[in-house]
Amino acid sequence: MSESAFTFRCDDDFEPEKIFSCGQCFRWNASEDGSFVGVAFSRAARVSKRGDEITISGTEEDYAAVWRDYFDLGRRYDEIRERLGVDEYMREAIEDGRGIRILRQEPWEALCSFIISQCNHIPRIKGIVERFCALFGEPIAFEGGVLHAFPTAEKTASLTEEDLTPLRCGYRAKYVLSAARAVSEGRIALEELARGSQSDALCALKTIDGVGDKVAACVMLFGLGFYDAFPRDVWIKRALAERYGGDFDLSRFGGCAGIAQQYLFWHRRRENTED
DNA sequence: AAACAGGCCTAAA
DNA sequence: TTTAGGCCTGTT
């Protein structure tokens, strides 16, 4: 069976390996040929890069409707990198993480995924999320096989904690359900929050059981398009304590602190695994 | 084997 | 307003 694909030239930062494995998303996996296969917005795709040419499954219409925004291609990361290099360590982190882009993910998927992420390693988060999708997501035919969409909030809200035991996500199951109910019952309107202020979004997200400052910041950055949201996880806390004595002024990043965070996160994590 | 993992909640000062 | 302990499960 033949599948269409759309190829375009990209002269800005775009490194699939870094984009998909920097911890912002959990549904993309590397193939042996270096391409990545994943699902977003209920569409499966294979993404590959050769030189400055990017190829994504689907038509140009799919690209225009979904992938362009998903990969945040309206933003020049090369220019942002210049602005974020406010000191030596930041410049080091940025050079190391060059090629990263912030994905604009589905808000509910981001919320649910980062609730699951708490106190877990990335491989385990991916495992839990994949089991969740395989069990409760709509099937999507792709390259002769079947992938699954991320389960909707409505579908999730119809489940019980017992239904979620096969995920083996432990105490996070009740958080996932409480979030699903908040969203499906309209108490939390994620799309609407994306159009409002960052502080309102933070406030609303934190009313969900199991969502604190860190998870809320991830949802805002990766799902709602608040590029100034700055998730403070253990790695960021480490980096800030080691390099800045806890004194780190986010206002220097001109509304892009979240992107700075992602370079810092990538770099600080690599410092550990590479020596 | 004990500690920790991209936290959060509650209780107690 | 900060801190300790518990929480599911897996890995090192």
Side-chain angles (χ1 to χ4, degrees), chain A residues 17-28 93 96-97 100-103 105 107 109-132 134-135 156 159-183 188 201-224 226-244 246-248 250 257-275:
Chain A
E17 162 66 23
K18 293 182 183 177
I19 292 170
F20 294 132
S21 59
C22 70
Q24 64 176 322
C25 59
F26 307 101
R27 297 217 61 202
W28 293 87
D96 190 21
I100 288 176
R101 309 184 70 81
I102 304 291
L103 295 174
Q105 304 176 240
E109 176 174 341
L111 172 58
C112 194
S113 300
F114 283 98
I115 284 174
I116 289 169
S117 81
Q118 62 187 80
C119 229
N120 269 153
H121 294 96
I122 290 174
R124 194 160 111 81
I125 301 167
K126 291 179 75 169
I128 293 169
V129 169
E130 280 320 304
R131 291 191 286 278
F132 183 44
L135 279 172
T156 309
L159 304 172
T160 64
E161 275 193 57
E162 193 175 315
D163 294 325
L164 297 183
T165 26
L167 308 190
R168 285 170 285 150
C169 67
Y171 60 86
R172 302 159 195 82
K174 61 177 183 298
Y175 296 156
V176 167
L177 294 182
S178 90
R181 293 190 197 109
V183 170
I188 302 286
L202 176 63
C203 226
L205 289 168
K206 284 179 68 173
T207 64
I208 299 170
D209 194 24
V211 176
D213 286 308
K214 194 275 177 178
V215 169
C218 287
V219 176
M220 293 192 288
L221 178 59
F222 303 124
L224 301 183
F226 289 109
Y227 295 89
D228 210 25
F230 191 87
R232 293 169 190 266
D233 55 77
V234 295
W235 295 103
I236 292 294
K237 285 176 183 167
R238 255 170 228 159
L240 297 194
E242 292 163 1
R243 302 284 173 164
Y244 304 95
D247 179 27
F248 193 69
L250 298 184
I259 303 178
Q261 185 272 0
Q262 206 54 205
Y263 290 120
L264 277 174
F265 177 71
W266 171 267
H267 187 242
R268 183 58 188 82
R269 236 172 115 239
R270 262 167 46 99
E271 282 181 335
N272 253 56
T273 53
E274 291 204 343
D275 45 50

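Naming convention: chains lettered A, B, ... in sequence-line order (proteins, then strands); numbering from 1 in each chain. All figures in this text were calculated on a predicted structure; none of them were measured in a lab.
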Taking atom P in both C:dT3 and B:dG6, what distance in whole Å separates the two?
23 Å
A:Ala260: side-chain contact (heavy atoms from CB on, under 4.5 Å) partners, not counting sequence neighbours:
A:Leu84, A:Met90, A:Phe253
Using a 4.5 Å cut-off on heavy atoms from C-beta on, say whether the side chain of A:Trp235 contacts that of A:Trp266.
no
Under the side chain to side chain donor-acceptor pair (under 3.5 Å) definition, can you give me all pairs with a residue in residues 118-130 of chain A, not counting sequence neighbours?
A:Arg27-A:Glu130, A:Asn120-A:Arg172
Report the residues that fulfil side-chain hydrogen bond (donor to acceptor under 3.5 Å, both in side chains) with A:Glu17, sequence neighbours left out, ordered by chain and then residue number.
A:Ser21
Once salt bridge (charged side-chain N to carboxylate O under 4.0 Å, His left out) is applied, do any residues pair with A:Asp213, and if so which ones, sequence neighbours excluded?
A:Lys206
Per-nucleotide protein contact string for nucleotides 5-11 of chain B (B base, S sugar-phosphate only, - none; heavy atom under 4.0 Å):
BBBSS--
Across all chains, not counting sequence neighbours, the side-chain hydrogen bond (donor to acceptor under 3.5 Å, both in side chains) partners of A:Tyr171 are none
Taking the P atom of each, how far is B:dA11 from C:dC8, in whole Å?
16 Å
Return the set of residues passing side-chain contact (heavy atoms from CB on, under 4.5 Å) with A:Ala201 (not counting sequence neighbours), or none when no residue passes.
A:Leu193, A:Met220, A:Leu224, A:Phe226
Under the 3.5 Å Watson-Crick or G-U criterion, the dot-bracket string of DNA chain B, with | for inter-strand pairs
.||||.|||||||
Is there any salt bridge (charged side-chain N to carboxylate O under 4.0 Å, His left out) pair reaching into residues 227-240 of chain A, and which pairs are they, with sequence neighbours excluded?
none
Could you list the residues that satisfy side-chain hydrogen bond (donor to acceptor under 3.5 Å, both in side chains) with A:Lys174, not counting sequence neighbours?
none
Which two nucleotides bound the region of DNA chain C that has atoms under 4.0 Å from heavy atoms of chain A, read 5' to 3'?
C:dC7 to C:dG10
Say you pick atom C1' in B:dA5 and the same atom in C:dT2; how far apart are they, in whole Å?
23 Å
Run the side-chain hydrogen bond (donor to acceptor under 3.5 Å, both in side chains) test against A:Asp209 and tell me which residues pass, sequence neighbours left out.
none
